[in-house]
Amino acid sequence: MEDALKNPRGVRLLWLEILVNDRLDLAPWWEREEVREAYAKACRWYHTYRSLIDSLLARSPLPYEPGSVDPRDYRVFAEVLQFVTDHA
């Protein structure tokens with residue numbers, strides 16, 4: 001996780017890891033703003049696409065986070081779901 005947070009691309013994609021991996025322990029990095037922002041973004045995407053995500057992944061629900069999702073992220077969201085379900 002520390003290496004991912006050192007890499008700008010890793011920080012940009014962290015929300016996806018949070019979205020698909022409910023075993024990820026964020027506590028050691030919770031004080032970092034980018035981790036909290038990624039978590040909030042994952043929560044928004046989870047609630048926007050909850051039915052789809054729950055049908056594909058066995059994960060604990062994420063809490064509700066008000067706000068909208070950026071549709072420009074949809075392609076990477078879909079690719080990650082495809083990858084995760086292909087390798088489950």
Side-chain angles (χ1 to χ4, degrees):
M1 179 72 148
E2 200 61 48
D3 288 339
L5 292 173
K6 290 177 186 175
N7 182 318
R9 181 168 169 79
V11 171
R12 280 193 315 272
L13 297 176
L14 179 58
W15 70 276
L16 290 160
E17 181 67 27
I18 294 167
L19 187 63
V20 300
N21 183 357
D22 65 348
R23 295 175 303 213
L24 186 61
D25 180 14
L26 298 174
W29 300 279
W30 193 249
E31 74 283 350
R32 297 182 65 156
E33 184 174 347
E34 63 266 39
V35 172
R36 292 190 307 275
E37 288 174 0
Y39 185 80
K41 184 173 182 175
C43 291
R44 287 191 301 274
W45 276 84
Y46 176 79
H47 282 275
T48 301
Y49 292 101
R50 179 179 50 233
S51 296
L52 173 62
I53 294 167
D54 288 347
S55 72
L56 297 173
L57 305 174
R59 66 149 299 120
S60 302
L62 287 167
Y64 175 74
E65 176 71 29
S68 59
V69 297
D70 186 340
R72 294 174 294 184
D73 290 325
Y74 186 81
R75 182 175 173 216
V76 70
F77 165 75
E79 288 175 1
V80 165
L81 286 183
Q82 179 69 47
F83 178 82
V84 170
T85 56
D86 285 351
H87 294 89

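- Looking at heavy atoms from C-beta onward, L19 lies in side-chain contact with L62 at the 4.5 angstrom threshold.
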*Yes or no on side-chain contact (heavy atoms from CB on, under 4.5 Å) for F77 and L52, after CA distance, side-chain angles and deciding distance?*
CA-CA 11 Å; F77 165 75; L52 173 62; 4.2 Å; yes

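- Taking each heavy atom of P63 and C43 in turn, the nearest pair found is O-CB, 3.2 Å.
- Among pairs with a residue in residues 40-61, those fulfilling salt bridge (Lys or Arg N to Asp or Glu O under 4.0 Å) read K41-D73, at least two apart in sequence or across chains.
- Contact of the L13 side chain with the E17 side chain is not registered, since no non-hydrogen atoms from C-beta on lie closer than 4.5 Å.
- When all heavy atoms are compared, the tightest approach of R9 to N7 is N-OD1, 2.7 Å.
- Under the salt bridge (charged side-chain N to carboxylate O under 4.0 Å, His left out) criterion, R23 pairs with no residue at all, not counting sequence neighbours.
- Looking only at distances, a side-chain donor or acceptor of H87 sits under 3.5 Å from a matching main-chain atom of F83.
- One hydrophobic cluster holds both Y74 and I18 under the rule that ILVMFWY side chains link at heavy-atom gaps under 4.5 Å.
- Residues I53 and Y64 do not share a hydrophobic cluster, defined by chaining ILVMFWY side chains whose heavy atoms lie under 4.5 Å apart.
- Checked against the 6.0 Å centroid criterion, the rings of Y46 and Y39 do not qualify as a close aromatic pair.
- Scored by the salt bridge (charged side-chain N to carboxylate O under 4.0 Å, His left out) test, R75 finds E79 as partners (sequence neighbours excluded).
- Remark: E33 pairs with R36, E37 by the side-chain contact (heavy atoms from CB on, under 4.5 Å) rule, at least two apart or across chains.
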*Trace of the side-chain contact (heavy atoms from CB on, under 4.5 Å) decision for W15 with V80*: CA-CA 11 Å; W15 70 276; V80 165; over 6 Å; no

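- Shown here are the side-chain contact (heavy atoms from CB on, under 4.5 Å) partners of V35, two or more places apart in sequence or in another chain: L5, L14, L26, W29, W30, R32.
- D70 is linked by a salt bridge (charged side-chain N to carboxylate O under 4.0 Å, His left out) to R72, counting only residues two or more places apart in sequence or in another chain.
- Residue K6 comes nearest to P8 through the heavy atom pair O-CD, 3.8 Å, listed as atom of the first residue, atom of the second, then distance.
- The closest side-chain heavy-atom distance from V84 to N21 is not below 4.5 Å.
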